[in-house]
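Report on the structure given below.
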Amino acid sequence: MAHDVYISAEEIKNRISQLGEQISRDYQGKHLDVVCVLCGSFVFAADLVRQIQVPQTVSFIGASSYHGGTETSGQVEITLDLKHDIKGREILLVEDIVDTGITLTHLRQLLLKRSPKSLKLASLLHKPSRTVSPVHIDYLGFTIEDHFVIGYGLDYDGRFRELPHIGIYRGE
Ligand code: IMP
């Protein structure tokens, strides 16, 4: 077994339902523009949007700072850009994990230049001990210790995204 279960599927489900209620309250009467950060957030985003009870559109932006392994390169590459104009829109960026914060800082700066009406951030996980570039997370699932985690969309070298829970990667 290459991992230990850290956050169970049940815990994730319950927390996402709370986040969905909170987001639905905050955006009542508004149209939400959900932007999911690929690849890691695809599972979290799929579950989260189904718990948000306001009109919404969902799109994807691709960012990569890892080139395999468990350490960030510090360089953020946009691998897929949005196809629509976000000027005047209420944007909710959905990320799987904020680790050093470098990716989100870069993405926030990029999107803010396009003049959205608002820009908030939802992240399933946050590893505060690793912060290099602080970002404010408006909707946070769980704060975690400094472990390399996999599952529920998160990968190690492209693998383990399909696990229903979050696990701590223990090597092969
Ligand atoms: P940051 O720029 O260091 O905050 O890293 C953000 C990205 O690194 C995330 O979107 C993940 O794709 C990846 N990442 C950071 N920590 C982990 C981890 O523990 N497991 C899997 N991917 C991670």
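Residue numbers count from 1 along this sequence. Every number for a ligand or one of its atoms is a count from 1 in the order of the listing.
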Under 4.0 Å from any heavy atom of [X], which atoms of ligand 1 are there?
| X | value |
| --- | --- |
| Thr103 | 1 (P), 2 (O), 5 (O), 6 (C) |
| His147 | 19 (O) |
| Glu95 | 10 (O) |
| Ile102 | 2 (O), 4 (O) |

Residue of the set Val149, Leu124, Asp99 for which side chain to side chain contact (heavy atoms under 4.5 Å, CB included) holds with Ile144:
Val149
Considering Leu104, Ile166, Asp96, which one's heavy-atom position lies nearest to atom 10 (O) of ligand 1?
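Among Leu104, Ile166, Asp96, the closest heavy atom to atom 10 (O) of ligand 1 belongs to Asp96.
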Compare Thr100, Val135, Leu125 and give the one whose heavy atom is closest to atom 3 (O) of ligand 1.
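Nearest option to atom 3 (O) of ligand 1, by heavy atoms: Thr100.
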Please confirm whether the ring centroid of Phe142 lies under 6.0 Å from the ring centroid of His126.
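So the answer is no for these two rings.
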Pairs flagged by side chain to side chain donor-acceptor pair (under 3.5 Å) wherever residues 40-56 is involved - sequence neighbours left out:
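For residues 40-56: Asp47-Arg50, Asp47-Tyr152.
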Any pair counted as side chain to side chain donor-acceptor pair (under 3.5 Å), so long as it reaches residues 115-125, sequence neighbours left out:
Glu90-Ser118, Lys120-Tyr139
Aromatic ring pairing Tyr169/Phe160, orientation class (parallel under 30°, perpendicular over 60°, tilted between):
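If you compare the ring of Tyr169 with that of Phe160, the planes turn out tilted.
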For ligand 1, is any non-hydrogen atom under 4.0 Å from [X]'s backbone (N, CA, C, O), its side chain (CB onward), both, or neither?
| X | answer |
| --- | --- |
| Leu154 | side chain |
| Asp155 | backbone |
| Arg130 | neither |

Sub-3.5 Å N/O-N/O distance, Gly101 and ligand 1
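N/O-N/O distance under 3.5 Å: yes.
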Decide whether an N or O pair under 3.5 Å exists between Val98 and ligand 1.
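No: no nitrogen or oxygen of Val98 is under 3.5 Å from one in ligand 1.
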Just checking, is any N or O donor in the side chain of His165 or His3 under 3.5 Å from an acceptor N or O on the other one?
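Yes.
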I'd like to know if the side chain of Arg25 pairs up with that of Gln22 as donor and acceptor (distance under 3.5 Å, no hydrogens or angles considered).
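Checked: Arg25/Gln22 side chains show no N/O donor-acceptor pair below 3.5 Å.
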Proximity flag Val149 to ligand 1, non-hydrogen atoms under 4.0 Å
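Val149: in contact with ligand 1 (<4.0 Å).
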Can His106 be said to touch ligand 1, with heavy atoms closer than 4.0 Å?
no
Answer yes or no: are there more than 12 heavy-atom neighbours, outside Glu162 itself, under 6.0 Å from its atom CD?
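Enclosed.
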Taking C-beta and beyond as the side chain, do Val49 and Leu32 meet within less than 4.5 Å on heavy atoms?
no
